[in-house]
Every structure is written in C-alpha cells, then in structure tokens.
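Working notes, structure below.
Every heavy atom of this structure was used, including side-chain atoms; hydrogens, water molecules and symmetry mates were not. Worth saying up front: this structure is predicted, and the values here are computed from it rather than measured.
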Protein chains: 2
Amino acid sequence: MGSERRRGKAKSGDQLSRGELVHLKLLDAIRAGEFRPGERIREAEIAKWLGVSRTPVREAFRRLQADGLLVFEPWRGVVVAELDQQQLIELYAMRKVLEGTAAGLAAQHAAESQIATLAELIDTADTAADAAERAELNRHFHQNIYAAAHNRYLLKALNALRDSMALLPSTTYALTGRHEIAQGEHRDIVGAIARRDPKAAEAAARHHIAEAEKARLKMIIEMNRGNKDTTP
Amino acid sequence: MGSERRRGKAKSGDQLSRGELVHLKLLDAIRAGEFRPGERIREAEIAKWLGVSRTPVREAFRRLQADGLLVFEPWRGVVVAELDQQQLIELYAMRKVLEGTAAGLAAQHAAESQIATLAELIDTADTAADAAERAELNRHFHQNIYAAAHNRYLLKALNALRDSMALLPSTTYALTGRHEIAQGEHRDIVGAIARRDPKAAEAAARHHIAEAEKARLKMIIEMNRGNKDTTP
DNA sequence: CCGTGCAAGATTGTATACAATCACCAAACG
DNA sequence: CGTTTGGTGATTGTATACAATCTTGCACGG
C-alpha cells in the first residue's frame, strides 16, 4: 500500500521500466506456483498487487502471451497456460533439439574461459544446500551453455522454453538421486565441449534432456499417486 | 481526418484487436521495405498513420521487440533492427536447425492430406507470375511443413525467424534461376517426407536453407556492387 | 572560433477515464 | 421442471491526459 507518488523516480535507480518489473514479478510468481496453470488473472488485480497502473501490466501480459505462458481469451482476460501431456512431449522434444544444438555450437565456439566457468558451475552445484538452489544453479549452467553457443536466435528460443518450464510444478531436482545423475550428464556435456567435439556434445545434451524428461514423467506419476488430481 | 467514431464497432466484424492490426501492418510495412532497418519510429507517428491511439501501437511495439524486429532504446523510442553479417549467419544457422527439425518431424507425423497439400503448393508455384508471388507461395509452403511437424514450440520459433527475415531486403526469389532450383529442393523435401524418411527430410531441408543462404549472400554482394552502400 | 551550459521542445513512460463486450443470474415461458 | 431470454455487473479494449526524461538548439564566455 501507499504508492507514495514517486512515479518516475524509482525507475532511475534501477533503470527497469515498470513493464519489465511486472514481467519479472509474474514470471517469478508463476515459477513459485503462486499462479497455477488454469487460473484466471485480472489486470486490475495485478496492478493493485504491484502498485502500478494497468498499462505496464498489459505490456507484461502481452509479452507473456507471446511466450505462451498466458493464454488470451478475448474479453475474458488471460489465464495461466496449462501444459497437457502432448505439450509436455512437444516441449521436451524442442528442448532436445535446441539444447543439443547449443551444446554442439558451444563445442565449436565457446571461449576457454566459458568452458572453465561451466566446469566451475558443476562443482559449485555439489555444495548446494537444497533442491531449489540446485535448480537455480542448473538454470545458470544451462544459461552459460546458451551463451557459449553465440547465436542470439537460439538464445531467444531457449529462453522462451525456459520460461515455459515455469508452468511445470516444482523441479525434477526434488527427486532423490536426480541431482547426482544430472551432475554426471553435465560433466559429459562439458567434457565434449572441452574436447571440441560437437557431435558428442550434442548427443550428450540430448541425452541429458531425455533423462530430464523421464524424471519429469516419473515425478508426475508420483504426484498423481499422492493426490488423484489428474492433469489431463 | 474523421476517425468517424466507430471505435469498438469495426472490430466486431473481423475479431481483430487494434493491437494485432498494428502488429500486422507494421510487419507488412517492414517486409515491404517501407520502414528500413536503422530507421527510428515514433509511436505517435504510427498511431496517426493507422488512425488508432498510442496504446495499441505500444502493444505492437512490444511484440515486435520481443521478436527482435524492433530495438528499444530507453526514452529514445524504437528503431527497426539491423541485421549485420554476423546476425545473418546466426539467423540462417538457426533456420537450418529448425527447418531441418520441422521436416524430420513432418516425415514422422504429417497426415497424408498434409503431404498432398505440400505437393500441390509446389505445383502451384510453377504458375506464379512474379517473384513476389513466388515468395508468398514459398512462405505458404514452409508454413505447411511447420504445421505438419505438430510441435507448437517449434512452430513459434520458426514464425519468429520468418518475421526476422522481413528485415532482409527483397527476396532471394528475385535472383534468376533461384525459383527453379528451389522448386527442386522443395520436391526433395516433400519426397523424403512422403517416404517417411526423417533423416533424409531433415538433410534435404538443411540443404535447402543452406542454398537459400548462398543465394542471399550472392544477392547482397550484387547489391553492394550496384550501390556501394555497405551494410556493416 | 569553439566549447560549455541552459532552456525549450519532443518523446516516451505511466496513470486514469470511458466505451464496448461478455458472463452470469434471475425470471418468465413452454 | 427445463430452457431461454433479458438485464446487470464485471472486465477488457481504447483513448487521452500528465509526468519524467532526453535531445537539440542557442547563447554566452573563453
């Protein structure tokens, strides 16, 4: 409460427009599960929550719609997108392609310093405390591979997929044993990149995503066993 | 100039919001070369041109920014994005990956009717009058392959690339002989899809894009020969 | 003659007011 | 009792007003 009328002033400090702020906040909220898929969201509601007007909220909505996280129903507002089984398959199929491509390109174009950073990130992940932190480091790791690929269109597409992943509940790192296996897969990818072997890097990345998909499906099955809330 | 105050009424006929209309109009304008890369665009200017207010213009700007066609410079407005040599390479590299993937998936998932449509589109292209019409049919052809792949994330990424292509001047179909060669490549792709051979379909599509890239580079060289306006 | 500082204009970022449309609910009719 | 139709409220689509910032031009001093 208390917007305090410092309208254009707060921005100068962080050089972040309100539209971008709303975009980030909504992404975080979706990722944190505060807005669940299928839930309807009203512009005024978000505007009041974040203490801004509807205009920047609309801008954020449009971006999220373009990325597929929100679905517009004309004159009914937006609802958080729901991923059905089919979309999940398509999402992971696309990830296999793009992550594989990114790893292959990274093997060709990565600077040595970038490869070193990747190795460090893997080591750091072993010291992570909980699943949330491991998931965060995992995102960071993949983000660095994207950067090493040096292709901005690929980067954009992969970021869009990453955002779509926010619609999935929890992370596969909550599964026992997933972290250790993923670490090994990560090392395989970085090893291939370091050897400058694009084919092997691509294969390793595709394998990694395929395993992540398996873990995700297993997780969904277990969740459905716990509460019979099927997600059709 | 008499906006005639039929504000919310015109929309009911075509169920197209003003924001989407502006988006399409701007895409067309960029594709037609009315707005050239590097050119600065002002919101009010577009709003007056299309007879709408700045609000839907802003929405369209945001979408075009998200797709990379416009670049935002805070408090300086937007400029039409410029593709340098490096971005051109990255763009075609990504197209090779995604078009190849789409063709491969189409070989697996396309319905027979979709394959028939693809064959028909190729035949129709032979009757096209000029380069513009051939380019249009070419877009249509590729769009149908995307649809046959049945992966909405792939579709979205490919559409984003297609829009980015609007930043390139003219089309490679203006080159003499390009149409005939492209037709042959198209038949190779559809042939592989019809044989349900994903590997061959992917290879054919990648080859097709590689040839298109060659044609594009050749075109740029010829243009630079004509006027020494280098696009750095 | 050139550089610096200031002021005015231009342009975007944001907020709010208004209009159009749709969903929901109640009531009447078959 | 079920179905349909009309009204009312809620919500989005659009327009416009205002605030903050940047750019540009000009004047003044060195």
Side-chain angles (χ1 to χ4, degrees), chain A residues 1-26 35 38-81, chain B residues 1-26 35 38-66 69-81:
Chain A
M1 302 76 173
S3 66
E4 266 139 32
R5 194 154 300 248
R6 60 170 87 98
R7 308 210 196 182
K9 210 55 195 305
K11 174 183 38 48
S12 67
D14 46 12
Q15 68 206 53
L16 190 72
S17 79
R18 278 163 164 69
E20 296 174 82
L21 180 130
V22 175
H23 180 74
L24 291 177
K25 286 286 187 185
L26 285 176
F35 297 115
E39 186 175 344
R40 186 171 167 192
I41 299 185
R42 279 166 282 278
E43 292 179 359
E45 179 187 333
I46 303 299
K48 181 185 271 186
W49 174 42
L50 293 175
V52 299
S53 80
R54 279 177 50 208
T55 306
V57 174
R58 288 177 64 78
E59 291 184 3
F61 275 19
R62 293 310 219 240
R63 281 186 65 180
L64 290 168
Q65 177 201 21
D67 285 350
L69 278 104
L70 297 182
V71 180
F72 266 59
E73 299 180 16
W75 274 282
R76 295 219 21 179
V78 302
V79 294
V80 182
Chain B
M1 295 55 180
S3 66
E4 268 138 31
R5 193 151 302 248
R6 61 169 87 97
R7 310 212 194 179
K9 211 56 195 300
K11 175 183 38 51
S12 67
D14 44 14
Q15 70 205 54
L16 191 72
S17 80
R18 277 162 164 73
E20 296 175 84
L21 181 130
V22 175
H23 181 74
L24 291 177
K25 285 287 186 184
L26 285 176
F35 297 114
E39 184 175 349
R40 185 171 168 191
I41 300 184
R42 278 167 283 278
E43 292 178 359
E45 179 187 332
I46 303 301
K48 180 185 270 185
W49 173 42
L50 293 176
V52 299
S53 82
R54 278 177 51 209
T55 305
V57 174
R58 287 177 65 79
E59 291 185 2
F61 276 19
R62 292 309 219 242
R63 282 185 65 179
L64 291 169
Q65 177 201 21
L69 278 103
L70 296 182
V71 179
F72 266 65
E73 300 179 15
W75 272 283
R76 297 218 19 184
V78 302
V79 295
V80 182

Of the candidates D:dG13, D:dA15, C:dA15, the side chain of A:P56 sits closest to C:dA15
Side chain to side chain contact (heavy atoms under 4.5 Å, CB included) filter on A:A66, not counting sequence neighbours, yields none
From CZ of A:F61 across to C1' of D:dT11 the rounded distance in Å is 12 Å
Taking it one step at a time, do B:F61 and B:V22 satisfy side-chain contact (heavy atoms from CB on, under 4.5 Å)?
-> CA-CA 9 Å; B:F61 276 19; B:V22 175; 5.6 Å; no
task: Please determine if a side-chain N or O atom of A:R18 lies less than 4.0 Å away from the OP1 or OP2 oxygen of C:dG13.
output: no
note: A:R40, atom CZ; D:dA10, atom P; distance rounded to Å ~ 12 Å
Separation of D:dT24 atom P from B:R42 atom CZ, nearest Å, is 11 Å
Between CG of B:L21 and P of D:dA15 the distance, given in whole Å, is 11 Å
Sorted by position of nearest nucleotide on DNA chain C, 5' first, the leading residue of B:E43 and A:S53 is B:E43
Atom NZ of A:K48 and atom P of C:dT16 are separated, to the nearest Å, by 13 Å
Value for CZ (B:R42) from CZ (B:R54), rounded to nearest 0.5 Å, stands at 13.0 Å
Legend entry - C:dG13 OP1/OP2 closer than 4.0 Å to side-chain N/O of B:R58: yes
Out of C:dG13, D:dT12, C:dA15, minimum distance to the side chain of A:V52 belongs to C:dA15
For A:E43 and A:V57, the nearest pair of non-hydrogen atoms, with its separation, is O-CG1, 3.9 Å
Rounded to whole Å, CD of A:E20 lies from P of C:dT14 at a distance of 9 Å
In whole angstroms, the gap separating P of C:dA17 from CZ of A:R54 amounts to 12 Å
Rounded to whole Å, CZ of A:R62 lies from C1' of D:dG13 at a distance of 8 Å
